[in-house]
Amino acid sequence: MKIDYTDYCNRNLEIETDKTKIEKMNTLLKTALIEHGIKGKISATYYTDGNIKVEVDGKYYNMFNSVKNKFFSGNVGEYDN
């Protein structure tokens with residue numbers, strides 16, 4: 001079971017506004033979504049620490065760390081292999 005980090009993000013993370021950084025993070029996210037076979041209507045919120053909150057079809061999916069280029073696992077502080 002994946003942990004929903006929405007509340008944590010809303011309380012503790014700052015949204016990224018630099019279009020160049022967002023574009024780079026978006027490219028990494030797109031590649032990861034394709035590799036994981038994720039389909040549907042994707043929306044993403046980009047944060048200044050390099051994390052991205054990903055929603056699929058309007059529902060929370062997972063967090064993606066653009067620095068480590070990995071999705072979070074279901075456990076706090078761990079990443080999928």
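Owing to the predicted nature of the structure, the values given are computational and were not obtained by experimental measurement.
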Would you compute the distance between atom [atom1] of [X] and atom [atom2] of [Y] and round it to the nearest 0.5 angstrom?
| X | Y | atom1 | atom2 | result |
| --- | --- | --- | --- | --- |
| Asp18 | Tyr46 | CG | OH | 13.0 Å |
| Met63 | Thr45 | CE | OG1 | 8.5 Å |
| Tyr60 | Cys9 | OH | SG | 6.5 Å |
| Thr31 | His36 | OG1 | NE2 | 12.0 Å |

Donor-acceptor under 3.5 Å ([X] side chain, [Y] main chain):
| X | Y | result |
| --- | --- | --- |
| Tyr61 | Lys53 | no |
| Thr48 | Glu16 | no |
| Asp57 | Lys41 | yes |
| Asn26 | Ile22 | no |
| Asn65 | Lys70 | no |

Would you say that Asn10 contacts Tyr5 through its side chain, given a criterion of any heavy-atom pair below 4.5 Å between the two side chains?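 The answer is no; the side chains never approach within 4.5 Å.
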Exercise. Mind checking whether Tyr47 and Ile15 have side chains closer than 4.5 Å, heavy atoms only?
Worked result: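 A side-chain contact exists here, since the closest heavy-atom pair is under 4.5 Å.
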Distance-minimising heavy-atom pair for [X] and [Y]:
| X | Y | answer |
| --- | --- | --- |
| Ser66 | Gly50 | OG-O, 2.7 Å |
| Gly40 | Val56 | CA-CG1, 4.2 Å |
| Leu29 | Ala44 | CD2-CB, 3.8 Å |

message: Applying the side chain to side chain contact (heavy atoms under 4.5 Å, CB included) criterion to Met25, which one of Ile52, Asn51, Val67 satisfies it?
response: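 Going through the options one by one, the only one that passes is Ile52.
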- Message: If you apply the rule side chain to side chain contact (heavy atoms under 4.5 Å, CB included), what do you find for Phe64 with Asn69, and how did you get there?
- Response: CA-CA 7 Å; Phe64 180 77; Asn69 200 25; 3.1 Å; yes
